[in-house]
2 protein chains.
Amino acid sequence: MRTATAESRPRDREATRRRLLRAARELFAEHGYEGVTVRMIAAAADANLALVARYFGSKAGLFAEVLKDEPSVRQVFEGDPAGLPRRLAEYAALRMHSDPESPILRSLERSAGDPEIQAIVRDRLRNAVIEPLAALLPGPDPQARARLVTTVFIGIGTMRRLLGPEVPTEADVDRLTAVFEQALR
Amino acid sequence: MRTATAESRPRDREATRRRLLRAARELFAEHGYEGVTVRMIAAAADANLALVARYFGSKAGLFAEVLKDEPSVRQVFEGDPAGLPRRLAEYAALRMHSDPESPILRSLERSAGDPEIQAIVRDRLRNAVIEPLAALLPGPDPQARARLVTTVFIGIGTMRRLLGPEVPTEADVDRLTAVFEQALR
DNA sequence: GTGTCGAGTATACGAATGTTTACTAGCCGG
DNA sequence: CCGGCTAGTAAACATTCGTATACTCGACAC
C-alpha cells in the first residue's frame with residue numbers, strides 16, 4: 001500500500017528534488033534547522049528519506065540550498081529611500097502577523113546549534129540582508145545601523161514564536177516605523 | 001579514580017542541588033535549552049547525571065527552576081524613569097558585548113523546540129520582563145511598547161549569537177538609547 | 001524482448017539523548 | 001558499634017537522530 005499521492009508518480013529526479021526543497025523551505029522556516037528532521041522533510045515531500053542525502057549530500061547541504069534559493073528581502077529595500085522605514089515596519093508587522101512568504105529570517109533566528117549551520121546562517125544573513133541594507137544607507141556607520149535594523153527584525157520573529165502571532169494594529173505599525181526611522185538615522 | 005574535586009566531598013543534598021542549579025544556569029544561558037544535555041550539566045556540577053531527574057524531576061523541571069531563581073531584569077527598571085532608555089541601552093550594549101551575568105533573556109531566545117519548554121519560557125518572559133516594564137510606562141498601550149523594547153533585547157541576543165560579540169562603541173549606545181526612547185514614547 | 005542505468009525504496013547502523021533502575025556506601029541515632 | 005535511611009553511583013533502556021548500504025523496479029535504447 002503506497003500513499004495516495006505517491007501512487008504512480010512518474011520518476012522524475014528534478015521534480016522530486018524540487019519537492020524536497022519546497023518541503024524543507026517551509027519546515028525550516030516554521031521550526032528552524034534543529035526542529036526539523038529529515039524524516040519530516042521526506043514525509044512532507046512524499047519522498048524517501050534517503051533521497052535527502054542523495055540529492056543534497058546531507059541535511060546541512062539541503063539547508064544551505066534552501067537559503068541559497070530563498071529570495072532575499074531585497075524587494076523591501078527597493079524604491080524610495082525615504083519610505084524605507086515605513087516599508088520595513090509594514091514588512092515586519094506582516095511578519096509579526098502571519099508571514100505568508102516565510103523568508104530567510106524566520107529560519108535564521110532559531111538555527112545555531114551546529115557550528116557548521118551557524119556559519120551558513122551567518123554568511124547568508126550578512127550577504128543577503130545586512131550588506132544590501134547597509135549599501136542603501138547614506139551617512140556614517142551604515143553597517144552598524146543596518147545591524148540595528150536587522151536586530152529588530154530578528155527580535156520580532158523570536159517574539160512572535162514565543163508569544164504567538166498577534167494582529168498588528170495601526171499604532172503598532174506607526175510605532176515600528178518610528179523605531180526604524182530612529183535606527184536608520 | 002574519582003575526579004579531583006569530587007574526592008571526599010561531604011554528602012550534602014542541598015549543596016549538590018545548588019551545584020546542579022548553578023551549572024545549569026550557566027550552561028542554559030550560554031547554549032539554550034536544547035543545546036545543553038543533562039550529561040553536560042552533571043559534568044559541570046561534578047555530580048551524577050541521575051541526580052538531575054531525582055532532584056528536579058526532569059531536564060525541563062530543572063530549566064523551570066533555573067528561570068524561577070533567575071533575578072529579573074528589574075534592577076534596570078528601577079530608578080529615574082527619564083533615564084530608562086539610557087539604562088536599557090547600556091544594559092543591552094553590555095549584553096551585546098560580554099553579558100557577564102547572563103540572565104534570563106539569553107536563555108529565552110534559543111529555547112523553543114518542545115512546547116512544554118516554550119510555555120515555561122513564555123510565562124517567564126511575560127511575568128518577569130514585559131509586565132514589570134509595562135507597569136512603568138505611562139501613556140497608552142504600555143503592553144505594546146514593552147513588547148517592542150523586549151523585541152529589541154531578544155534581537156540583540158540572537159544577533160550576538162549569530163555574528164559574534166562585538167565591542168559596542170559610544171555611537172552604538174547612543175543609537176540604542178534613541179531607539180529605546182522612540183520605542184517607549 | 002531484453003538488458004542496463006538510475007530513480008526510488010527498505011532497512012540497518014552508530015551515536016546521542018533523557019530517563020529509569022538496581023545497586024553502593026556514607027552518615028546518624030540508638 | 002551497627003542498622004537503616006538516603007545521597008550518590010553505574011549501567012542500561014528506549015527513542016530518536018542523521019547517514020549509509022544493499023536492494024527493487026520502471027523506463028528507454030537497441
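Below, chain A is the first sequence line, B the second, and so on; all start at residue 1.
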Both A:Ala47 and A:Arg39 contact DNA chain C. Which one's nearest nucleotide lies toward the 5' end?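 Counting from the 5' end, the first nearest nucleotide belongs to A:Ala47.
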Tell me: [atom1] of [X] to [atom2] of [N], nearest whole Å?
X       : N      : atom1 : atom2 : value
A:Ile41 : D:dT19 : CD1   : P     : 10 Å
A:Asp12 : D:dG26 : CG    : P     : 17 Å
B:Glu34 : C:dT17 : CD    : C1'   : 12 Å
A:Leu49 : C:dA10 : CG    : C1'   : 9 Å
A:Leu62 : D:dT19 : CG    : C1'   : 14 Å
A:Phe28 : D:dG18 : CZ    : C1'   : 12 Å
A:Asn48 : C:dT11 : CG    : P     : 11 Å
A:Tyr33 : D:dC17 : OH    : P     : 13 Å

So, does [X] get its side chain near the phosphate of [N], meaning an N or O under 4.0 Å from OP1 or OP2?
X       : N      : result
B:Arg11 : D:dG8  : no
A:Thr37 : D:dT16 : no
A:Thr16 : C:dG8  : yes

For the side chain of B:Val38, starting at C-beta, report the closest nucleotide among C:dG8, C:dG18, D:dG8.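 Nearest to the side chain of B:Val38 among the choices is C:dG18.
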Which pairs count as ring-ring contact (aromatic ring centres under 6.0 Å, His included) when at least one residue sits in residues 119-152 of chain A, sequence neighbours excluded?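 For residues 119-152 of chain A, and leaving out neighbouring residues, there are no ring-ring contact (aromatic ring centres under 6.0 Å, His included) pairs at all.
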Test side-chain hydrogen bond (donor to acceptor under 3.5 Å, both in side chains) applied to A:Thr169 - qualifying residues, sequence neighbours left out: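 Scan of A:Thr169 (side-chain hydrogen bond (donor to acceptor under 3.5 Å, both in side chains), adjacent residues dropped) gives A:Asp172.
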Applying side-chain hydrogen bond (donor to acceptor under 3.5 Å, both in side chains), can you list everything that pairs with B:Glu116, at least two apart in sequence or on another chain?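 Here no residue qualifies.
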Could you tell me if the side chain of [Y] sits less than 4.5 Å from the side chain of [X], heavy atoms only?
X        : Y        : answer
A:Met159 : B:Ile130 : yes
A:Val36  : A:Phe63  : no
A:Val129 : A:Phe153 : no

Donor-acceptor pair, distance only, cut-off 3.5 Å: does the side chain of A:Arg122 make one with the backbone of B:Leu163?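 Side chain of A:Arg122 to backbone of B:Leu163, a donor-acceptor pair under 3.5 Å: no, none is there.
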Heavy atoms within less than 4.0 Å of DNA chain D: which residues of residues 52-61 of chain A have one? Give them sorted by number.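 A:Ser58, A:Lys59 - these, ordered by number, are the residues of the stretch whose heavy atoms sit under 4.0 Å from the strand.
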With A:Ala89 via side-chain contact (heavy atoms from CB on, under 4.5 Å) - residues at least two apart: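 Partners of A:Ala89 under the side-chain contact (heavy atoms from CB on, under 4.5 Å) test: A:Val173, A:Leu176, A:Thr177, A:Phe180.
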Donor-acceptor pair under 3.5 Å: do we get one between B:Arg13's side chain and the base of D:dG8?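 No pair found.
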How are the rings of B:Phe28 and B:Tyr33 set relative to one another: parallel (under 30°), tilted (30 to 60°) or perpendicular (over 60°)?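 B:Phe28 and B:Tyr33: parallel rings.
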Rounded to 10°, tell me the angle between the two end axes of the helix from C:dG1-D:dC30 to C:dG30-D:dC1, each built from five pairs.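 The angle, to the nearest 10 degrees, is 20°.
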